[in-house]
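To find a chain, count down the sequence lines: A is the first, B the second, and so on, and within it residues start at 1. Because the structure is predicted, anything quoted here is derived from the model rather than measured.
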Amino acid sequence: MPELAEVEFFRRRWDVGVGQKVVDVALHADKRIFRGNDLATFQRVLPGAKLVGSEARGKQMLFRFSHDVWLGVHLGMTGELRHEPQEFSPGKHDHLVLRQSRQSLVFSDPRLFGRVLFHHGPHAPEWWSRLPPALTSDEFTLDRMMAFLKRRSRSPLKGVLLQQEFFIGIGNWMADEILWRAKIHPRRAAGCLDGAEAREVWKAIRFVCAGALRIVSKDYSDPPPSWLFRHRWEKGGRCPKDGTELGRETIGGRTTAWCPQCQPE
DNA sequence: GGAGTTGTTTAGGA
DNA sequence: TTCCTAAACAACTC
């Protein structure tokens with residue numbers, strides 16, 4: 001599920017634990033979401049550390065604790081964060097439980113495509129500081145976007161919008177929503193856009209990111225019916241602008257929905 | 001039972 | 001070298 005706004009929604013669910021110490025840690029150590037971690041140190045250092053705050057950037061989250069402890073979380077396809085009562089027995093997919101005095105913070109992930117990255121040190125981990133700028137920041141400029149599209153000039157735009165090394169936080173539904181609003185066919189090559197078309201894509205990215213963060217991350221509401229989002233998975237779904245039946249195909253390796261009328265090839 | 005899923009990594013071909 | 005695609009990962013739903 002989680003793209004930009006959904007990730008922000010789940011991050012806030014752990015806010016309830018800010019200011020409280022972790023008193024105990026329960027985890028499924030053999031699950032692949034923990035790969036690459038020094039779990040012995042993790043389990044030794046985390047108890048006693050207080051959750052101080054957190055940030056989300058794209059699909060990544062970073063939770064900051066006292067005692068130089070940091071916890072990175074990626075939700076993959078089916079991960080979620082939630083809180084449960086302090087005395088709570090973890091289910092099959094509840095792979096990480098941080099018990100605090102008033103509740104337990106839980107990371108759950110049935111398909112195990114998510115990831116937890118533990119870090120111990122005075123500064124945020126390097127993988128975090130190297131993330132590209134948020135698409136909602138002033139650093140995400142039309143010029144920088146066009147330079148990236150040029151470097152991927154032969155790929156379909158749909159696939160390029162999913163590349164997290166630049167379009168951080170965009171996932172399958174957001175990419176379709178963006179191209180639909182920019183009136184660009186998802187199979188068009190990234191290098192073939194003229195200046196005006198690139199500008200439409202850039203504006204649509206800003207609009208979709210801001211709208212999703214406002215609507216979805218507040219309480220996990222769906223965007224309104226005027227968005228493609230509400231129709232893209234319906235059988236016989238139609239374009240909310242002109243009623244044309246949507247096209248559906250695999251493009252850039254992912255199932256893609258578009259309006260053949262608004263987005264001519 | 002088979003196909004499909006809002007994500008990422010990797011192997012291998014172009 | 002660099003770019004691009006398909007498969008793999010794993011569990012669940014329709």
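At least one side-chain nitrogen or oxygen of A:R254 sits closer than 4.0 Å to the OP1 or OP2 atom of B:dT6. Regarding contacts with the backbone of B:dT8, a side-chain N or O of A:Q164 is found under 4.0 angstrom from either OP1 or OP2. Within the 4.0 Å cut-off from OP1 or OP2 of B:dT8, not a single side-chain nitrogen or oxygen of A:R115 is found.
A:D143 and A:T141 share no donor-acceptor pair across their side chains, judged by distance under 3.5 Å alone. A donor and an acceptor atom, one from each side chain of A:Q164 and A:Q60, are nowhere located under 3.5 Å apart. Side chain to side chain, A:W258 and A:E265 fail the donor-acceptor criterion of an N or O pair below 3.5 Å. Between the side chains of A:R152 and A:Q163, at least one donor-acceptor pair of N or O atoms lies under 3.5 Å.
The gap from the C1' atom of B:dT9 to that of C:dC12 amounts to 22 Å, rounded to the nearest Å. Taking atom C1' in both B:dT6 and C:dC4, one finds a spacing of 23 Å when rounded to whole Å.
A donor-acceptor contact shorter than 3.5 Å is absent between the side chain of A:E6 and the backbone of A:Y220. The backbone N or O of A:F118 lies less than 3.5 Å from a partner atom in the side chain of A:N37, making a donor-acceptor pair.
If you take CD1 of A:I170 and P of B:dT8, they are 12 Å apart, rounded to a whole angstrom. As rounded to whole Å, 8 Å separates atom C1' of B:dT6 from atom NZ of A:K59. When rounded to the nearest whole Å, the span between CG of A:L228 and P of B:dT6 equals 13 Å. The distance from atom CZ of A:R152 to atom C1' of C:dC3 is 7 Å, rounded to the nearest whole Å. Rounded to an integer number of Å, the gap from CG of A:N172 to C1' of B:dT8 is 13 Å. For A:M77 and B:dT9, the CE to P distance is 13 Å, given to the nearest whole Å. To the nearest angstrom, P of C:dA6 lies 12 Å from CD1 of A:I251. As a whole-Å value, the separation of A:L162 CG from C:dA6 C1' is 15 Å.
Partner A:L51 forms a side chain to side chain contact (heavy atoms under 4.5 Å, CB included) with one of A:V22, A:V16, A:L105, A:D15 and no other, that one being A:L105.
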* Quick one: what's the B/S/- string for nucleotides 7-14 of chain C, heavy-atom cutoff under 4.0 Å, read 5' to 3'? -> --BBBS--
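A:T256 and A:D176 get closest at one heavy-atom pair: CG2-OD1, 3.3 Å.
A:W202 and A:F140 have parallel rings, their planes meeting at less than 30° on a 0 to 90° scale where 60° marks the start of perpendicular.
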Under 3.5 Å, N/O pairs linking protein and nucleotides 11-14 of chain B:
none

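How far CE of A:M174 is from CG of A:L228: 13.0 Å, rounded to the nearest 0.5 Å.
Nucleotide B:dG7 is matched to C:dC9 when pairs are restricted to Watson-Crick or G-U wobble geometry with both distances under 3.5 angstrom.
Each of C:dT5, B:dT5, B:dT8 was ranked by its minimum atom distance to the side chain of A:S155; first place goes to C:dT5.
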